[in-house]
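All values below come from the heavy atoms of this structure, side chains included, with hydrogens, waters and symmetry mates left out.
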Amino acid sequence: MANRDTPTAASLQPRTTSSHATQTPQHSPIDSMPAQLAAEMPSPTTPAPRRTPALLRKQSSPMMPPFMVSAPGKVIVYGEHAVVHGKAAIAAAISLRSYLHVSFLSKSNRTVKLRFPDIQMEHTWNIDELPWDTFSQSGKKKYYYDLVTSLDPDLMAAIQPCIDEVSPTAPEAIRKIHHASACSFLYLFLSLASRKVPPCVYTLRSTIPIGAGLGSSASISVCLSTAMLLQIRALSGPHQDQPPQECELNIERINRWAFVGEMCIHGNPSGVDNTVSSGGKAVLFQRRDYDKPPLVIPLHSFPELPLLLVNTRQSRSTATEVAKVANLLNGHPALTENILNAIGLVTESAHNFLISPDFDPTSPDSLQYLGELVTINHGLLVSLGVSHPKLERIRELIDHTGIGWTKLTGAGGGGCAITILKPQPPMLTNGHANGTHNHDTSSDESDTSSEPDDPDCGASIISTGTKLKYKILDSLEVKLENEGFEKFETTLAGDGVGVLWPAVLHNGNEEEGGEEIDQEKFLKAEGTVGIERLVGVASGRRKDVREVREGWKFWRPWEVADR
């Protein structure tokens, strides 16, 4: 399958082939920094200066301003389990995101710190004691444009002592998580930076539930990859006038190194999570041969949709659910193969529809088509035995309201369910409205009396709906929480990785100044609401669901293509 948005092999090649020096791109965020601050960042195209004798070294120097990077989580929209058996799947970004704050210390400090309060991790390394020599050896040294498909055992062995010193007294289960995070960070840091890197603090926060199959680790890897590539000036933009090919090139560079971070955590990841988190929107993903790279086709036409995400809080094992399907395939090969083929057809139908000339992302009929495929997909997954009573209970509660189309996402057996919301509340549509009579509709009628009668008016599928829909969602939230579930109102198929350089939220008039996000404010932000308010994300309940991130910039090849 081909797609005009897929970057060509030529577009992903390094622009400088005569030298391994890191390219200094145009329109880098660093270029907008004051000259005296930008000068603190070593230019990769300039030969390294001779080492200054220790006695002549400056005792202090101006610090660079802090900056932030953000990357989304992901959900599988169509194709779970069938993708393991060679069929295609469609995965899309969600507006729950990880955020990385990078702040700089004086040069005399000579330390790098990783702070990840969400998992109670914090550790500081002495920069000069890290194994730079091993990572810079001939044959070991990697460059920002390299494609790394496996971890070097010698490099892994070199960083192991640095990993072992992290959280030595923590319980084994916690220590394992901390060590995986430290491994990912150090492998990227030592591969991309140099021993002359400015001392800094990397602080991570996430609004993505961890361990729920939503790509939280990939989101973090994308943040780390982007921050380090920005620091060595290997990225251009993002800015609004970048050509699509240049946007894709920068996203690909980020994605390649995010995959390295994922290998440090998961060993043999599929690559779909970091691909979606880097580029945003949605992708079609297929791997017929595990000895070859997967087919990945960006789906820039996937509409941005309001999404209800419900976490069962039920722990599950992906390996167990995959093995369950494999056993079913072994015991009932013909039947199981037919189910897997049918799931593959669901994905194929969605893909063909999204790339067809007749697809209208603002049409309720288009949303209806995609929603019906969601329902079909869930039923097929149930027949494979990978659902769970808690997932079915969530679907029962949501189906009773008639507010959208629901399915499990990911491996199943727990984890999360997703619901694509209908563009209008059930009372205003011809769809079934089971459960709407449980609400006090007398006040609803007055709230929605100003809504247009024409279902095509104001029925944009990127609308979060009316007050009636909000009342249904609020009532649903109470029921879900009473049964131990966790509900998120998010957006499907939005932006990928974004940058806030410097970490200052601009005002609406683009005037000078703004609110600086310092490390202390970032650490004190409480929960998803606190973090999103601090970083400038508007409430999900807006008539225009497009998030307001004042000062944030994103690589958006689909927008450039539209212009």
- line: Sequence neighbours excluded, the answer for ring pair (Phe, Tyr, Trp, His ring centres under 6.0 Å) partners of His178 is none
Rounded distance (nearest 0.5 Å) linking atom CD1 of Ile418 with atom CG of Leu421: 11.0 Å
- prompt: Tell me the salt bridge (charged side-chain N to carboxylate O under 4.0 Å, His left out) pairs involving residues 267-282, sequence neighbours left out?
  reply: Lys74-Asp273
query: Would you find a donor on one side and an acceptor on the other, under 3.5 Å apart, between the side chain of Thr111 and the backbone of Thr124?
result: no
task: For Pro294, enumerate each residue passing the side chain to side chain contact (heavy atoms under 4.5 Å, CB included) test, keeping only those at least two apart in sequence or located in another chain.
output: Phe285, Arg287, Val296
- request: Count the heavy atoms of every other residue, nucleotide or ligand shown that sit under 6.0 Å from CZ of Arg533, and state whether that count exceeds 12.
  value: no
task: Enter the distance from Trp125:CH2 to Ile163:CD1 here, rounded to the nearest 0.5 Å.
output: 8.0 Å
message: Under a 4.0 Å threshold between the charged nitrogen and the carboxylate oxygen, would Lys407 count as salt-bridged to Glu80?
response: yes
message: Does anything in residues 192-218 form a ring-ring contact (aromatic ring centres under 6.0 Å, His included)? List the pairs, not counting sequence neighbours.
response: Phe185-Tyr202
query: When rounded to the nearest 0.5 angstrom, what is the spacing between CH2 in Trp257 and CG in Leu147?
result: 9.5 Å
- prompt: Could Asp118 and Arg205 be called an ion pair, given the rule that one side-chain N must be under 4.0 Å from one carboxylate O?
  reply: yes
statement: The salt bridge (charged side-chain N to carboxylate O under 4.0 Å, His left out) partners of Lys524 (sequence neighbours excluded) come to Glu520
message: Checking Ser167 against His123: is there a side-chain donor and acceptor pair closer than 3.5 Å?
response: no
field: More than 12 heavy atoms from other groups under 6.0 Å of CD on Glu165
entry: yes
message: Please evaluate residues Glu516 and Lys521 with respect to the criterion salt bridge (charged side-chain N to carboxylate O under 4.0 Å, His left out), reporting the C-alpha separation (whole Å), side-chain torsions for both, the decisive distance (0.1 Å), and the verdict.
response: CA-CA 9 Å; Glu516 180 177 346; Lys521 288 180 183 177; over 6 Å; no
message: Considering only residues two or more places apart or on different chains, which pairs with a residue in residues 213-231 satisfy salt bridge (charged side-chain N to carboxylate O under 4.0 Å, His left out)?
response: none
message: So, taking the atom named OG in Ser103 and the one named CE in Met68, what distance separates them when rounded to the nearest 0.5 Å?
response: 10.5 Å
message: Which residues pass the salt bridge (charged side-chain N to carboxylate O under 4.0 Å, His left out) test with Asp152, not counting sequence neighbours?
response: Lys140
query: In chain order, what residues pass the side chain to side chain contact (heavy atoms under 4.5 Å, CB included) check against Thr207, with sequence neighbours excluded?
result: Leu96, Tyr99, Thr528, Ile531, Glu532
Gln242-Ser236 side chain donor-acceptor pair, cut-off 3.5 Å: yes
Min side-chain heavy-atom separation Phe554-Gln240 under 4.5 Å: no
- request: Name all residues meeting the side chain to side chain contact (heavy atoms under 4.5 Å, CB included) criterion together with Leu151; count only those two or more places apart in sequence or in a different chain, and write none if there are none.
  value: Met156, Tyr187, Val260, Met263, Cys264
field: For Glu122, all residues meeting salt bridge (charged side-chain N to carboxylate O under 4.0 Å, His left out), sequence neighbours excluded
entry: Lys113, Arg115
message: Taking salt bridge (charged side-chain N to carboxylate O under 4.0 Å, His left out) as the definition, give me every residue that meets it alongside Glu321, ordered by chain and number, with sequence neighbours left out.
response: Lys324
- request: Report yes if some heavy atom in the side chain of Leu192 is under 4.5 Å from a heavy atom in the side chain of Leu229; otherwise report no.
  value: yes
- prompt: Taking only residues two or more places apart in sequence or in another chain, which ones pass ring pair (Phe, Tyr, Trp, His ring centres under 6.0 Å) with His101?
  reply: Phe522
task: Over all heavy atoms of both residues, which pair between Ile208 and Ser216 is shortest? Give the atoms and the distance, please.
output: CG2-CB, 3.8 Å
